[in-house]
Amino acid sequence: MSTDKRIEPRTLKGFRDYPPATMLPRERLMETARRVYRSYGFSPIDTPALEYLEILTGKGSDETDRQLYRFQDHGERWVALRFDLTVPLARFAAQHIAELGTPFKRYHIAPVWRGENTQRGRYREFVQCDFDTIGTRAAAADIETALVIHDLFQALGFRDFAIRVNHRQVLNGLLERIGLGEQSTNVLRALDKLRKIGPEKVAEEMIATAGATRPQAEQVLKFAAVSGTNDEVLAQLGPLVAGSQRGEEGVARLAEIIAAVRGAGVAEERLAVDVSIARGLDYYTGVVFETFLGQLPGIGSVCSGGRYDNLAGLYTSQELPGIGASLGLDRLLAAMEELGLLEKVATPAPVFIPYFAADRLVDYLRLAAALRAAGMNVEVYPEARKLGQQLKYADKRGCRVALVQGEDELAAGQCQIKDLTSGQSQSVSLGDGFAEVVAAVQRLLTIGAQT
RNA sequence: GUGGUUGUAGCUCAGUUGGUUAGAGCACCAGAUUGUGGAUCUGGGGGUCGUGGGUUCAAGUCCCAUCAGCCACCCCA
């Protein structure tokens, strides 16, 4: 091919390649999420990336409709790429709930697409790790959702994080009481900016977009100013929603969740009632969650969710309440990268076998097989190059142990085990079936893993 | 989608009011060291100056457009 015809290799805006050094921690995160979800009995499902357009439109908000990747397929059907995993779940549940039965607990780890503007931690293609419980209104499901989020971040190695929890009905109950019930979406949207733009601007926006009066706006702000410990917040909320059945129910549900999560042994500061948490997709109707990293609040919520009591109502007459949350894998990775929490390793194999003596490949393959049988990841170098170059290769990739066998060692029935971290070597007899070598390597890796 | 900002080697960047063959550090490759990596020294490869147009005798440098990154709005994972 001539040079001038060559196509420039490039990726689309908001889409990225994942080289090994970023894919390894990515997979580790997905495995952790999978493990935690499964530990609560959530089962895996998958659904198509493409759905009929009508399935996806009008389910999130006007904004998500605008962000939808949509086009006609070869059969001239209007289709779209899913923008989250919850709407496909609703369709899936409406279609299959008869066979699945309720309550139905599933997790779903898969990419979603949104055609919005990019920013740090915001991409057009990103992976979400969702878990949801369908078919029950029980408070236990709300409580379990909070516990799963907590366990998840704990398992990922975070210590400084906070799950903020609120209840849509608490806010709506108040709005109902003061006559703003019809305008809840606009009011909540304005209220959500409280931390960023301050109470005065929020009041202005509520007056402008929701048609609120000045006294109404003041009341909403007074409500949002409630603060303190969880017990203090709940105590203040009670009188504010008194008289609104929905509001009272919401506060009671929040109190129940807080008490149960506390009772399950979760530290108080990990779960905080926060009435200013108003965001989330429009389909949430009950409790809502957002999770922030203490060291990096600016990147936004890394795990959000909530209760939706009528998600599948657009597809079926069967009532399917549900609750769940979504871990934003790529946003979380961007945060961890910034915090320096990602291990810089470019290989999944800690054990390296240089191809030393040109005519002894089979000996190296047999040793590698023995180590793999013992559960270790082992790489054998493919070319009989200079030993120094091979060790350099292993070092660069982050291998931890090299097993050096030249003519001398092979003749003596020995293997040199080189610790690439310390540089020290020891000689071990190959023996029958490499048992001694396997044990020695295993010991080295275990010690290394503890530091 | 709107506004702002940036774009020179794989990476981080320098490049003087426009002026000849565009530089450095790191990384990479080779050698010093025919069986031992991370250090040092020497040498080497690698650049359509994001892309396309325009102004000019002359553009990495000025203008316009476009693409991409970042930031804010919006929204959200």
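Small disclaimer: the values here were computed from a predicted structure and weren't measured. Labels below follow one simple rule: chain letters A, B, ... track the order of the sequence lines, proteins then strands, and each chain is numbered from 1.
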Enquirer: Which nucleotide, in any strand shown, forms a Watson-Crick or G-U wobble pair with B:rC62, with both distances under 3.5 Å?
Expert: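 B:rG54 is the nucleotide pairing with B:rC62.
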Enquirer: Within the structure, does a side-chain N or O atom of A:Q389 lie under 4.0 Å from either OP1 or OP2 of B:rU36?
Expert: no
Enquirer: Only pairs with both distances under 3.5 Å count, Watson-Crick or wobble alike; so what is the partner of B:rG47 in this structure?
Expert: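 Result: none.
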Enquirer: Could you state the CD-C1' distance from A:Q390 to B:rU36, rounded to the nearest angstrom?
Expert: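 One finds 10 Å between C1' of B:rU36 and CD of A:Q390, rounded.
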Enquirer: Heavy atoms from C-beta onward define the side chain here; which of B:rC28, B:rU36, B:rC76 lies closest to that of A:V404?
Expert: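 Nearest to the side-chain atoms of A:V404, counting from C-beta on, is B:rU36.
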Enquirer: Can you confirm if the NZ or CZ of A:R307 lies within 45° of the ring axis of A:Y284 and under 6.0 Å from the centre of its six-membered ring?
Expert: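 Output no; distance or angle outside limits.
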Enquirer: Any idea which of B:rC71, B:rG37, B:rU36 is nearest the A:K392 side chain?
Expert: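 Comparing B:rC71, B:rG37, B:rU36 against the side chain of A:K392, the answer is B:rG37.
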Enquirer: Strictly by Watson-Crick or wobble contacts shorter than 3.5 Å, is anything paired with B:rG3, and which nucleotide is it?
Expert: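 Pairing partner: B:rC71.
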Enquirer: Of all the choices, B:rA72, B:rG37, B:rG31, which nucleotide is nearest to the side chain of A:L391 once you look at every atom?
Expert: B:rG37
Enquirer: Report which part of the nucleic acid A:R397 touches: base, sugar-phosphate, or nothing (heavy-atom distance under 4.0 Å, all strands).
Expert: nothing
Enquirer: What's the gap between B:rU17 and B:rG60 when it is taken at their C1' atoms, as a whole Å value?
Expert: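 Result for the C1' pair: 16 Å, nearest Å.
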Enquirer: Expressed as a whole number of angstroms, how long is the span from A:D395:CG to B:rG38:P?
Expert: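 From A:D395 CG to B:rG38 P: 8 Å.
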Enquirer: Could you tell me how far apart A:F83 (CZ) and B:rC75 (P) are, to the nearest whole angstrom?
Expert: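 Spelled out: CZ on A:F83 to P on B:rC75 is 16 Å.
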Enquirer: Base, sugar-phosphate, or nothing: which does A:G115 touch, judged by heavy atoms less than 4.0 Å apart?
Expert: nothing
Enquirer: Contact class for A:D130 vs. all strands (heavy atom < 4.0 Å): base, sugar-phosphate, or nothing?
Expert: nothing
Enquirer: Starting at CG of A:L152 and ending at C1' of B:rA77, how long is that distance when rounded to a whole Å?
Expert: 13 Å
Enquirer: Hey, do the aromatic rings of A:Y107 and A:F42 have their centres closer than 6.0 Å?
Expert: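 When the ring centroids of A:Y107 and A:F42 are compared, they turn out to be at least 6.0 Å apart.
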Enquirer: Kindly check if the number of other-residue, nucleotide or ligand heavy atoms within 6.0 Å of CD (A:Q424) is above 12?
Expert: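 Check fails, neighbour count at 12 or below.
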Enquirer: Which whole number of Å gives the distance between the C1' atom of B:rG50 and that of B:rC70?
Expert: 15 Å
Enquirer: Under 5.5 Å centre to centre and under 30° between planes: does that hold for A:F356 and the six-membered base ring of B:rG35?
Expert: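 Check failed, A:F356 does not stack on base of B:rG35.
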Enquirer: Provide the distance between the two P atoms, one in B:rA39 and one in B:rG23, to the nearest whole Å.
Expert: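 Comparing P positions in B:rA39 and B:rG23 gives a spacing of 27 Å.
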Enquirer: Whole angstrom is fine here: how far is it from OH in A:Y355 over to P in B:rG35?
Expert: 16 Å
Enquirer: Inspect the contact between A:R400 and A:D419 and indicate whether a charged nitrogen and a carboxylate oxygen are less than 4.0 angstrom apart.
Expert: no
Enquirer: I'd like the P distance from B:rC11 over to B:rC49, given in whole Å.
Expert: 16 Å
Enquirer: For the residue pair A:R246 and A:Q169, what are the closest heavy atoms and their distance?
Expert: O-OE1, 3.0 Å
Enquirer: Mind checking if A:Q424 touches a base, just sugar-phosphate, or nothing, with heavy atoms under 4.0 Å?
Expert: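 Here A:Q424 touches no strand at all.
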Enquirer: Report yes if a side-chain nitrogen or oxygen of A:K386 is closer than 4.0 Å to either non-bridging phosphate oxygen (OP1 or OP2) of B:rG31; otherwise report no.
Expert: yes
Enquirer: Using whole Å, what does the distance between atom P of nucleotide B:rA68 and atom CG of A:D17 come to?
Expert: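 Computing the A:D17:CG to B:rA68:P distance gives 15 Å.
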Enquirer: Should B:rA32 form a Watson-Crick or G-U wobble pair with both distances under 3.5 Å, which nucleotide is its partner?
Expert: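 Pairing partner: B:rU40.
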Enquirer: If you assign A:L12 and A:L329 each to the RNA chain B nucleotide with the nearest heavy atom, which residue ends up on the more 5' nucleotide?
Expert: A:L12
Enquirer: Does A:R124 have a side-chain nitrogen or oxygen under 4.0 Å from the phosphate oxygens OP1 or OP2 of B:rA77?
Expert: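 Answer is no, no contact under 4.0 Å.
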Enquirer: Starting the side chain at C-beta, find the nucleotide from B:rU36, B:rC29, B:rC74 nearest to A:Q416.
Expert: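 So the side chain of A:Q416 is nearest to B:rU36.
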Enquirer: Is any side-chain nitrogen or oxygen of A:R122 closer than 4.0 Å to OP1 or OP2 of B:rA77?
Expert: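 False: A:R122 side-chain N/O out of range (4.0 Å or more) of B:rA77 OP1/OP2.
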Enquirer: What's the CZ-C1' distance between A:R114 and B:rC75, to the nearest Å?
Expert: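 For the pair A:R114 CZ and B:rC75 C1', the rounded distance is 9 Å.
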Enquirer: Report yes if at least one side-chain N or O of A:T118 is closer than 4.0 Å to OP1 or OP2 of B:rG69; otherwise report no.
Expert: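 Yes.
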Enquirer: Choose from B:rC28, B:rC74, B:rA77 the nucleotide whose nearest atom is closest to any side-chain atom of A:Q119.
Expert: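 Side chain of A:Q119 sits closest to B:rC74.
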Enquirer: Looking for any heavy atom pair under 4.0 Å, which part of the strands does A:T291 touch: base, sugar-phosphate only, or nothing?
Expert: nothing
Enquirer: Please determine, for the side chain of A:K13, which listed nucleotide (B:rG69, B:rG35, B:rC75) has the closest atom?
Expert: B:rG69
Enquirer: Is any side-chain N of the basic residue among A:E218 and A:R214 closer than 4.0 Å to the acidic one's carboxylate O?
Expert: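 Salt bridge present between A:E218 and A:R214.
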Enquirer: Can you say whether a donor on the side chain of A:R331 sits under 3.5 Å from an acceptor on the base of B:rC76, or the other way round?
Expert: yes
Enquirer: Carefully, step by step, assess A:H108 and A:F131 under the rule side chain to side chain contact (heavy atoms under 4.5 Å, CB included).
Expert: CA-CA 6 Å; A:H108 192 179; A:F131 65 97; over 6 Å; no
Enquirer: Would you mind reading off the distance between A:E116 atom CD and B:rC70 atom P, rounded to a whole angstrom?
Expert: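 Roughly 12 Å, once rounded to whole Å.
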Enquirer: Nearest heavy atom decides the nucleotide; on that basis, is A:K418 or A:Q67 closer to the 5' end of RNA chain B?
Expert: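 Going by which nucleotide is closer to the 5' end, it is A:K418.
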Enquirer: With P as the reference atom in both, quote the distance from B:rG1 to B:rU48 in angstrom, rounded to an integer.
Expert: 31 Å
Enquirer: If you draw the axis of the six-membered ring of A:Y69, does the NZ or CZ of A:R114 fall within 45° of it and under 6.0 Å from the ring centre?
Expert: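 Judged by the rule (NZ or CZ under 6.0 Å from the ring centre, within 45° of its axis), A:R114 is not positioned above A:Y69.
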